[in-house]
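Read the structure below first, then the notes.
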Amino acid sequence: MIDLPLAELAELDEDWWFQAGDVPSPRAIAQHIQLVRETELRYPILLCADGRLMDGMHRAVKALAAGHTHINAIKLRQTTPTD
């Protein structure tokens, strides 16, 4: 496990949840806010071998909103191809 600086998580500045024509409606934003509230920071986020986020955006957002500068992460040594 690594202690990843949130500043190095490029996905925090990308269109992550609302892609391909999805509209960030107030309802959709509220649903994500609820998921952020319910998530647990004790679980690390998951990075592929290239350092890109694979799982854990709600945890990253929670850490960022709470003023944290780092988050626990697991970086895979090798990323298997998707199906």
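Predicted, not measured: the structure shown is a model, and the values here were computed from it.
- To the nearest 0.5 Å, atoms CD1 (I2) and NE2 (H70) are separated by 10.0 Å.
- Hydrophobic clustering (side-chain heavy atoms under 4.5 Å, transitive across Ile, Leu, Val, Met, Phe, Trp, Tyr) groups F18 together with V61.
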Scan the side chains in residues 5-12 for donor-acceptor partners under 3.5 Å anywhere in the protein, sequence neighbours excluded, and list what turns up.
from: E11; atom 1: OE2; to: R52; atom 2: NE; distance (Å): 3.0
from: E11; atom 1: OE2; to: R52; atom 2: NH1; distance (Å): 3.3
from: E11; atom 1: OE2; to: L53; atom 2: N; distance (Å): 3.0

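- Put simply, M57 and L64 are part of the same group of oily side chains (I, L, V, M, F, W, Y) that touch within less than 4.5 Å, one to the next.
- Residues K75 and D50 share a closest heavy-atom pair of CE-C, 4.4 Å.
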Quick one: side chains of residues 25-49, donor-acceptor pairs under 3.5 Å with protein atoms, not counting sequence neighbours, listed by atom name and distance.
from: S25; atom 1: OG; to: A28; atom 2: N; distance (Å): 3.1
from: H32; atom 1: ND1; to: H58; atom 2: NE2; distance (Å): 2.9
from: Q34; atom 1: NE2; to: E38; atom 2: OE2; distance (Å): 2.8

